[in-house]
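Have a look at the structure below before the remarks.
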Number of protein chains: 2
Amino acid sequence: MINRDSQQEQGTAERIRDAAAALFRENGFNGTSMQALATAVGVTKSSLYHHYPSKQALLAAIIEVTMSRVTPLVREIAESDLSASLRLHRALELHTVESIRERDHVACFREESRYLSPDFMATHRQKRDEYEVLFRQTVEEGIDNGEFLAQDPALATMALLGMCDSVIRRYRPAGRHTPDEIALAFADTALRGLGTPAAAGVATGEAAR
Amino acid sequence: MINRDSQQEQGTAERIRDAAAALFRENGFNGTSMQALATAVGVTKSSLYHHYPSKQALLAAIIEVTMSRVTPLVREIAESDLSASLRLHRALELHTVESIRERDHVACFREESRYLSPDFMATHRQKRDEYEVLFRQTVEEGIDNGEFLAQDPALATMALLGMCDSVIRRYRPAGRHTPDEIALAFADTALRGLGTPAAAGVATGEAAR
DNA sequence: GTCTATAGGCGGATAGAC
DNA sequence: GTCTATCCGCCTATAGAC
């Protein structure tokens, strides 16, 4: 689980994407100029346009790459044979830990995607909905089979994802907790938040380990 | 509690602020030009500079006005004599309902404040911390007196505020729920998320009414 | 695949008349 | 308090040499 061994030999397109993600997160999409990006990468502005046809396409690529990596991982959990509580707990834990570790890219997804032009936006919205429905379905299942309290599943899913997404801005590397600890605490809080009609300590992180 | 009767006779400075808040939320601070704002208000660019010395100062004013209105309301709840559970529940409910009703202004506070220049930012950070500490202290108190499970109060507060803040982007006026319903559901979820060592249904929204 | 040079427009902000 | 006119810099993007 070491962070990408192949970083030593990273293509220019990838280096541009990573630098752009960091700058977009830090200064916003509209607050980042192609000149500033070029300087950060160590090339000229023109070179950027050799790898990406436009600033918009670059943002779309950043979002697409991370979505394509994480969605299958969440899908595998969501479609496994575990209880809804356990699946949701693990999916939220994964979601949160990825949001911290890859927060530059995830910030582009959650905060900067709104600046995509209509054509890029259409594709993005579709993938985003595919991703979020994995969580919502699990919540619905848990409500239907009595693992969670009766409640609006859309509203509950919105609340839980919103909670976990907040780490993008609120997490500080200098803080007292590791990403894994934070993800566990958030997933525990989320599961408790859904409520368990049977008061047994079902599927808290501690019970699951 | 009707929404500002005096809206009929609103000064130009206020009209500029409201239009700017809406545009900043929709297109971002850096995605909104002073020309676009002037057009929206129905004046020329130059007139804007008669009321606000810079675009930065305008953003700072938008944030300041809403903060100054909501903070005392939360403070009153946080410093009341109720149990920590009830105080937190009511404070989160207020926070959430205001985030929905005044989402243009709150979005400027939560999402666009990062574009403030250092001097404006210093003031902003101070007021933001004063606001959030009201929630954190209540969480701490509830943990200390056994109303909530033992946990890191900073982390828990971050999670709950992050959850409630998500309505800024995820709330849709066309949805099935009123702002009050959403705020109640979120506050209930938040309180459950903190956990109650004594399993009694303490301070859920239903119990509190 | 990277560079220099430049197009062409829009950005925030100001001067000064009325 | 609102206007017209304007400054000047930076923006995305392109042309074309090496």
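Atom set for the values below is all heavy atoms of this structure, side chains included, hydrogens, waters and symmetry mates excluded. Letters A, B, ... are given to chains in the order of the sequence lines, protein chains preceding strands, and every chain is numbered from 1.
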Problem set entry | Length of the line joining H50(B):NE2 and dA13(C):C1', which is rounded to integer Å | 16 Å
Exercise. How close or far is atom P of dC10(C) from atom NZ of K55(B), stated in whole angstroms?
Worked result: 15 Å
Exercise. Between D165(A) and R170(B), is any pair of side-chain heavy atoms under 4.5 Å apart?
Worked result: yes
For this session: With E64(A) as reference, evaluate K127(A), H124(A), R69(A) under the side-chain contact (heavy atoms from CB on, under 4.5 Å) test and give the passing residue.
Result: K127(A)
Exercise. With a 6.0 Å cut-off on ring centres, are Y131(A) and H95(A) close enough?
Worked result: yes
Exercise. Taking only residues two or more places apart in sequence, or in another chain, which ones meet R17(A) in a salt bridge (Lys or Arg N to Asp or Glu O under 4.0 Å)?
Worked result: none
Exercise. In terms of side-chain heavy atoms, does Q151(B) have a donor or acceptor partner in D188(A) at a distance below 3.5 Å?
Worked result: no
Problem set entry | N/O donor-acceptor pair under 3.5 Å between E140(A) side chain and A154(A) backbone | no
Exercise. Where each residue is assigned the nucleotide of DNA chain D containing its nearest heavy atom, which of S47(B) and Q35(A) is assigned the position nearer the 5′ end?
Worked result: S47(B)
For this session: Extract, from 5' to 3' on DNA chain D, the first and final nucleotides lying under 4.0 angstrom from some heavy atom of chain A.
Result: dC11(D) to dA15(D)
Exercise. NA contact type, S46(B), heavy-atom cut-off 4.0 Å: base, sugar-phosphate, or nothing?
Worked result: base
Exercise. Looking for any heavy atom pair under 4.0 Å, which part of the strands does T44(A) touch: base, sugar-phosphate only, or nothing?
Worked result: base
